[in-house]
Amino acid sequence: MSATKGKIKVLFVCTGNSCRSQMAEAWARRLKADQIEAYSAGIRPSGLDPRAVAVMAEVGINISAQRSKHIDELKDMRFDYVITVCDQARQSCPIWPGAGKVLHVGFDDPPALASSAANTDEAMQHYRRVRDQIKAFVEGMPENLSTVVGRATELEAMHKDSTETIRQAYAEIARSEKSCCGPCGCTAATALGYDQADLKDIPDGTDMGLGCGNPVALASLKEGEVVLDLGCGPGLDVFVAARKVGPKGKAIGVDMTAEMLAKARAGIEQFRQRTGLSNVEFRLGQIEYLPVADASVDVVLSNCVINLSADKPQVWREIARVLKPGGRVAVSDLVLLRPLPDKVKGSIEALVGCVAGAILVEQLGPMVEEAGLADVSVEPRPDYIQRMADWSDQLYRRIREALPEGEGLGDYVTSAYVTARKPEAVLSERVKELIALGASVTANCHPCLRYHLDKARQLGIDRSSILQAIEVGKMVRRGAAGQMDGLIKEIVHYDGGVYGKQGR
Ligand SMILES: C[S@@+](CC[C@H](N)C(=O)[O-])C[C@H]1O[C@@H](n2cnc3c(N)ncnc32)[C@H](O)[C@@H]1O
């Protein structure tokens, strides 16, 4: 470590040095000034992003004086760590002479996500989410640099490979123009229990037989609701849902495969002509990082998609994030009744075909609850697999050949309906702030305590609640005398409208 006065030198790099790397530098200066000397730069500097400035100002950090710089400006400096925070910088980051370690930790690109946001508020939510994710990462520094980052990078690489394989396979399916069947089955919508009346206005070519159930029926949609379909493919469930929520509602589909999305978008005009409805939108994005604002959706649907994700807990956390309090989930997906034989588990065809990536049925409920959702129900629906078997689906036949003698796919895999709800009782901003205050004491983090005291004051939280939170934080903190006892004393003995010295 080339410590300067005991601090480690860290350079955050992204493409434009306009948003993510600037946020990271600012967080490190705010939260870790005693341990880290932070800098940022870009591969192609493009000026400070005003929306990044705005969301940092919301948390009391003024970055308006920071400047977007080219990495060449810092080439003579020696860094202990060079951390790329976007994929492009990772690929084009030059060899850094004298850098102790070059690491990558990827964050979503707020300007890119904002460009497909429905409105300014949604755009700003992307910036806020990434701001908070970067903060969480910086808070863990420098300890996480040797462990978390290395592991995350490995995991990320594995996830990226399988995601790319799946994306290419579905792009091919979209290009093939088959109306039915896809690799996840060969079950046209009517065979899955869709009502003929619901299907009559859907655009041509939308029913590609890619689903494994009928989540729209499961959701009991009401007029005026906002519905989000994860992995919408050519958009069947989005169009069916759009009719049910009507002109005052909205149906949004998200899919990572541009070719699928192009198919879905091509149907919007025909749908409008047939129904008079203009309440459908399709967004390009991954279900692990939804391009959707916090607490903006009444119902999340998904049909035979989550099994394909390499990070299912993250998908469920995203579902919980985008749902409004009281919002609900109606998902149809494939799950395993018992572990698959290795031959099937390792087959790319079975992965793309929604089988090899599926988790055991008993793992699903706890995963959904862990994400913060309540009233979770997982109901196996073996009839879907039975139908595939009856229809002599090609994939089924190939997988069956890889199974032990006398066993069928239905012995291993079932379709399942998952329902859940986001609890109404979300924590108020004041309660969250008090928890953060106590946690700052526990973590012995002086700047955090200052920051959360400021926030508590802005929110008008009363003195006795603040003292209680501090007491709890102290109780949890190990060791009798921490570095912050002086500051805590100041707070305890303050007698006016300010907390501690310097008007804070
Ligand atoms: C089996 S198809 C289901 C399509 C649609 N739900 C239906 O029932 O017709 C899976 C779809 O999920 C998309 N997908 C898979 N993994 C995804 C991910 N991680 N993020 C976003 N979309 C994904 C694929 O591009 C594909 O369109």
Side-chain angles (χ1 to χ4, degrees), residues 108 113 116 156 158-176 178-189 191-194 199 202-203 205-219 227-241 251-265 267 282-292 300-319 322 330-334 349-358 384 388 393 395 415:
D108 278 353
L113 292 171
S116 59
E156 211 179 76
M158 268 168 50
H159 288 180
K160 279 213 162 112
D161 285 352
S162 71
T163 306
E164 196 42 43
T165 304
I166 289 164
R167 194 201 310 269
Q168 283 172 17
Y170 280 97
E172 193 48 46
I173 291 160
R175 281 193 290 264
S176 74
K178 277 191 285 189
S179 68
C180 176
C181 320
C184 286
C186 184
T187 318
L192 287 172
Y194 285 72
L199 295 174
I202 61 158
T206 314
D207 181 8
M208 292 181 72
L210 299 175
C212 55
N214 184 353
V216 184
L218 185 64
V227 183
L228 174 69
D229 181 20
L230 309 192
C232 59
L236 172 71
D237 289 317
V238 177
F239 289 113
V240 175
I252 304 164
V254 170
D255 203 288
M256 67 174 180
T257 306
E259 290 79 353
M260 277 291 176
L261 225 54
K263 244 178 135 61
R265 284 178 176 149
F282 293 101
R283 298 183 190 167
L284 187 66
Q286 284 191 223
I287 58 175
E288 295 83 358
Y289 307 99
L290 288 167
V292 177
V300 169
L301 307 174
S302 188
N303 200 349
C304 229
V305 177
I306 299 177
N307 70 80
L308 294 165
S309 171
D311 194 351
K312 296 170 184 61
Q314 168 67 11
V315 174
W316 286 103
R317 284 193 290 273
E318 278 292 89
I319 292 174
V322 300
V331 165
S332 164
D333 204 5
L334 293 190
E349 195 180 31
L351 171 71
V352 174
C354 302
V355 171
Y384 164 76
M388 270 173 71
D393 176 76
L395 170 72
S415 194

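All ligand and atom numbering here is 1-based and tracks the order in the structure.
Checking only distances, Ile166 never comes within under 3.5 Å of ligand 1, N or O to N or O. Between Gly231 and ligand 1, an N or O atom pair is found at a separation short of 3.5 Å. Between Asn303 and ligand 1, at least one pair of N/O atoms sits closer than 3.5 Å. No N or O atom of Asp229 sits closer than 3.5 Å to an N or O atom of ligand 1.
A donor-acceptor pair is defined here as one N or O able to donate and one able to accept, closer than 3.5 Å; such a pair exists between the side chain of Gln314 and the backbone of Glu288. Judged by distance alone, the side chain of Asp333 and the main-chain N or O of Asn307 form a donor-acceptor pair under 3.5 Å.
Contact check for Pro291 versus Val254: side-chain heavy atoms found under the 4.5 Å cut-off. Taking the side chain as every heavy atom from C-beta outward, Ile319 and Leu230 approach each other to under 4.5 Å.
Judged by the shortest distance from any of its heavy atoms, Gln286 lies inside the 4.0 Å radius around the atoms of ligand 1.
Between the CD1 atom in Ile287 and the CG atom in Asp311 there is a gap of 10.0 Å [rounded to 0.5 Å].
Considering Thr257, Ile287, Asp255, Thr206 only, the shortest heavy-atom separation from atom 26 (C) of ligand 1 involves Asp255.
Of all the heavy atoms of Leu236, none lies under 4.0 Å from any atom of ligand 1, so neither backbone nor side chain is involved.
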